[in-house]
Amino acid sequence: MSDDHKIDHHHDHHHGEGSELSKTALRVKAIESLLVEKGYVDPAALDVIIDTYENKVGPRNGALVVAKAWHESDYLEWLRREPTKAIASLGFEGRQSEHMKVLENTDQVHNMVVCTLCSCYPWNVLGLPPVWYKSAPYRSRAVIDPRGVLADFGVTLGDEVDVRVWDSTAELRYLVIPKRPNGTEGWDIEALADLVTRDSMIGTGLALQPDEVRP
């Protein structure tokens with residue numbers, strides 16, 4: 001399916017009953033919105049907090065999963081068969097990631113993840129979701145115009161590449177394994193992990209090239 005917006009229509013959200021957020025979380029979000037609206041809270045400060053989770057808590061975990069999969073074929077096979085267990089074997093488990101699925105980008109296929117109804121996201125491997133991931137424009141456009149969204153992120157793919165969009169749910173969350181860059185033969189896991197960005201594990205970006213992390 002090309003540009004087919006391959007949404008899992010078995011999307012078993014329970015969003016029809018409302019947000020997956022608890023009542024407490026909803027109250028916090030309502031207060032947050034009010035404080036931002038009144039000018040008492042700087043959204044940029046909130047972004048700093050989110051960035052902390054992105055760079056110190058979450059995405060590095062996912063990057064190590066990807067790097068290990070690139071580095072060890074046996075681990076990649078395990079990740080394909082039992083993704084949640086394979087990820088947990090590295091100590092990355094817990095709330096928001098009870099059931100994981102890995103998606104592999106190839107020369108023929110590029111995978112991108114969205115949560116069309118809210119912001120389901122694998123916190124243990126990616127940290128907190130970025131603001132744009134939760135925004136209505138991303139959630140709607142990722143389905144309608146995935147190549148346009150990718151272009152906004154600076155990613156242009158050839159027509160021969162099949163773009164697949166996957167709808168994350170409260171029950172199943174995704175981790176994209178980006179294509180391993182050429183010229184990284186012989187690199188160890190830590191070095192490979194430096195090439196893996198948060199966006200590349202959502203599918204809105206690509207892995208960095210070697211010359212982007214090494215002089």
Side-chain angles (χ1 to χ4, degrees), residues 50-94 96-114 121-130 132-133 142 146 149-158 160-166 168 172-215:
I50 292 173
D51 185 65
T52 298
Y53 278 91
E54 290 174 349
N55 296 300
K56 298 179 180 178
V57 177
R60 184 66 181 178
N61 296 349
L64 289 171
V65 172
V66 171
K68 188 173 178 65
W70 282 348
H71 193 263
E72 299 174 9
S73 58
D74 288 347
Y75 183 75
L76 175 59
E77 287 301 320
W78 186 19
L79 201 56
R80 289 168 174 159
R81 293 194 316 272
E82 298 179 298
T84 306
K85 288 184 178 179
I87 292 170
S89 74
L90 301 182
F92 311 140
E93 58 185 333
Q96 305 295 332
S97 303
E98 292 85 354
H99 302 288
M100 294 288 298
K101 180 180 177 66
V102 296
L103 308 166
E104 296 177 62
N105 285 350
T106 67
D107 290 335
Q108 293 77 39
V109 175
H110 182 91
N111 298 287
M112 187 166 69
V113 180
V114 66
Y121 195 76
W123 291 5
N124 69 332
V125 288
L126 294 184
L128 296 178
W132 56 259
Y133 183 84
V149 171
L150 288 174
D152 289 346
F153 280 91
V155 177
T156 302
L157 302 173
E160 73 282 3
V161 180
D162 184 14
V163 178
R164 299 178 181 175
V165 180
W166 300 80
S168 186
L172 182 62
R173 298 165 196 243
Y174 300 96
L175 177 69
V176 174
I177 300 179
K179 285 175 52 184
R180 177 173 176 169
N182 295 326
T184 59
E185 297 77 9
W187 286 33
D188 62 23
I189 291 175
E190 288 292 328
L192 289 170
D194 290 339
L195 300 170
V196 184
T197 67
R198 177 201 64 195
D199 288 4
S200 72
M201 293 182 284
I202 300 173
T204 53
L206 306 176
L208 299 176
Q209 295 300 307
D211 60 4
E212 294 183 86
V213 297
R214 290 188 173 183

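As a basis for the values below, the full set of heavy atoms in this structure was taken, side chains included, without hydrogen atoms, waters or symmetry mates. The first residue of the sequence shown is numbered 1, and numbering continues consecutively from there.
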Participant: Do Val109 and Val161 pass the side chain to side chain contact (heavy atoms under 4.5 Å, CB included) test, and can you show the C-alpha distance, the side-chain angles, and the key distance before you say yes or no?
Facilitator: CA-CA 5 Å; Val109 175; Val161 180; 5.8 Å; no
Participant: With sequence neighbours excluded, what pairs up with Ala69 under the side-chain contact (heavy atoms from CB on, under 4.5 Å) test?
Facilitator: Tyr75, Leu76, Leu79, Ile177
Participant: Test of understanding: with side-chain contact (heavy atoms from CB on, under 4.5 Å), list the residues that count as partners of Asn182, not counting sequence neighbours.
Facilitator: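 By the side-chain contact (heavy atoms from CB on, under 4.5 Å) rule, Asn182 matches no residue at all.
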Participant: For a 4.5 angstrom cut-off between non-hydrogen side-chain atoms, does Thr84 reach Lys101?
Facilitator: no
Participant: How long is the straight-line distance from CD1 of Ile202 back to OG of Ser168, given to the nearest 0.5 Å?
Facilitator: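 CD1 of Ile202 is found 10.0 Å from OG of Ser168.
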Participant: With heavy-atom distances below 4.5 Å as the criterion, would you say the side chains of Asn124 and Asn61 are in contact?
Facilitator: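 A side-chain contact is absent here, since even the closest heavy-atom pair is not under 4.5 Å.
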Participant: Please examine the side chains of Arg60 and Asp194, heavy atoms only from C-beta on, and report whether any two atoms are closer than 4.5 Å.
Facilitator: yes
Participant: Between Phe92 and Trp123 (judged by ring centroids, cut-off 6.0 Å), do the two rings come close enough to count as a pair?
Facilitator: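 Ring centres of Trp123 and Phe92 not closer than 6.0 Å.
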Participant: In the structure I gave you, are the side-chain heavy atoms of Trp187 and His71 within less than 4.5 Å of one another anywhere?
Facilitator: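 With C-beta onward as the side chain, the pair stays apart.
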Participant: To the nearest 0.5 angstrom, please state how far the CG atom of Asp152 sits from the CG atom of Leu150.
Facilitator: 9.0 Å
Participant: Determine the minimum heavy-atom distance between Pro210 and Gly183, stating which atoms define it.
Facilitator: CG-O, 4.2 Å
Participant: With sequence neighbours excluded, tell me which residues meet ring pair (Phe, Tyr, Trp, His ring centres under 6.0 Å) with Tyr133.
Facilitator: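 Ring pair (Phe, Tyr, Trp, His ring centres under 6.0 Å) list for Tyr133, sorted by chain: Tyr121, Tyr138.
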Participant: Check the pair Trp70 / Thr184 against side chain to side chain contact (heavy atoms under 4.5 Å, CB included), numbers first and verdict last.
Facilitator: CA-CA 10 Å; Trp70 282 348; Thr184 59; 5.9 Å; no
Participant: Please list all pairs meeting salt bridge (charged side-chain N to carboxylate O under 4.0 Å, His left out) that have one or both residues in residues 63-80, counting only residues at least two apart or in different chains.
Facilitator: Lys68-Glu72, Glu77-Arg80, Arg80-Glu104
Participant: Any salt bridge (charged side-chain N to carboxylate O under 4.0 Å, His left out) pairs touching residues 174-183, not counting sequence neighbours?
Facilitator: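 Every salt bridge (charged side-chain N to carboxylate O under 4.0 Å, His left out) pair that includes a residue of residues 174-183, provided the two are not neighbours, is Asp107-Lys179.
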Participant: If I take atom CD from residue Glu190 and atom CG from residue Asp188, how far apart are they, to the nearest 0.5 angstrom?
Facilitator: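 The CD atom of Glu190 sits 7.0 Å away from the CG atom of Asp188.
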Participant: A side-chain contact here means heavy atoms from C-beta on lying under 4.5 Å apart; do Val66 and Pro178 qualify?
Facilitator: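 Yes, at least one pair of side-chain atoms sits under 4.5 Å.
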Participant: Within this structure, what is the CD-CG distance for the pair Gln209 and Leu195, rounded to the nearest 0.5 Å?
Facilitator: 8.0 Å
Participant: Where do Gly203 and Val176 come nearest, in terms of heavy atoms and distance?
Facilitator: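 Taking every non-hydrogen atom into account, N-CG2, 4.1 Å.
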Participant: Would you indicate whether the side-chain heavy atoms of Leu175 and Val65 approach each other to under 4.5 Å?
Facilitator: yes
Participant: Going from CD on Glu82 to CD1 on Ile87, what distance comes out if it is rounded to the nearest 0.5 angstrom?
Facilitator: 12.0 Å
Participant: Parallel, tilted or perpendicular for Trp166 and Tyr174, by the 30°/60° rule?
Facilitator: tilted
Participant: Which heavy atom in Arg198 sits nearest to a heavy atom in Pro130, and how many Å separate them?
Facilitator: NH1-CB, 3.4 Å
Participant: List for me each residue that meets side-chain contact (heavy atoms from CB on, under 4.5 Å) alongside Leu206, sequence neighbours excluded, and say none if there are none.
Facilitator: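 Applying side-chain contact (heavy atoms from CB on, under 4.5 Å) to Leu206 gives His110, Val155.
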Participant: On a heavy-atom basis, which atom in Ala67 and which in Ala193 lie closest, and how many Å separate them?
Facilitator: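 Smallest interatomic distance, heavy atoms only, reads CB-N, 3.6 Å.
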Participant: Just wondering, do Ser89 and Trp78 contact through their side chains at under 4.5 Å, heavy atoms?
Facilitator: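 Yes - at least one pair of side-chain heavy atoms lies under 4.5 Å apart.
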Participant: Please tell me if the side chains of Val125 and Met100 come closer than 4.5 Å, counting only heavy atoms from C-beta onward.
Facilitator: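 Touching, per the 4.5 Å side-chain cut-off.
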Participant: Using the side chain to side chain contact (heavy atoms under 4.5 Å, CB included) rule, take Val149 and Val165 through it: C-alpha gap first, then chi angles, then the decisive distance, then the call.
Facilitator: CA-CA 11 Å; Val149 171; Val165 180; over 6 Å; no
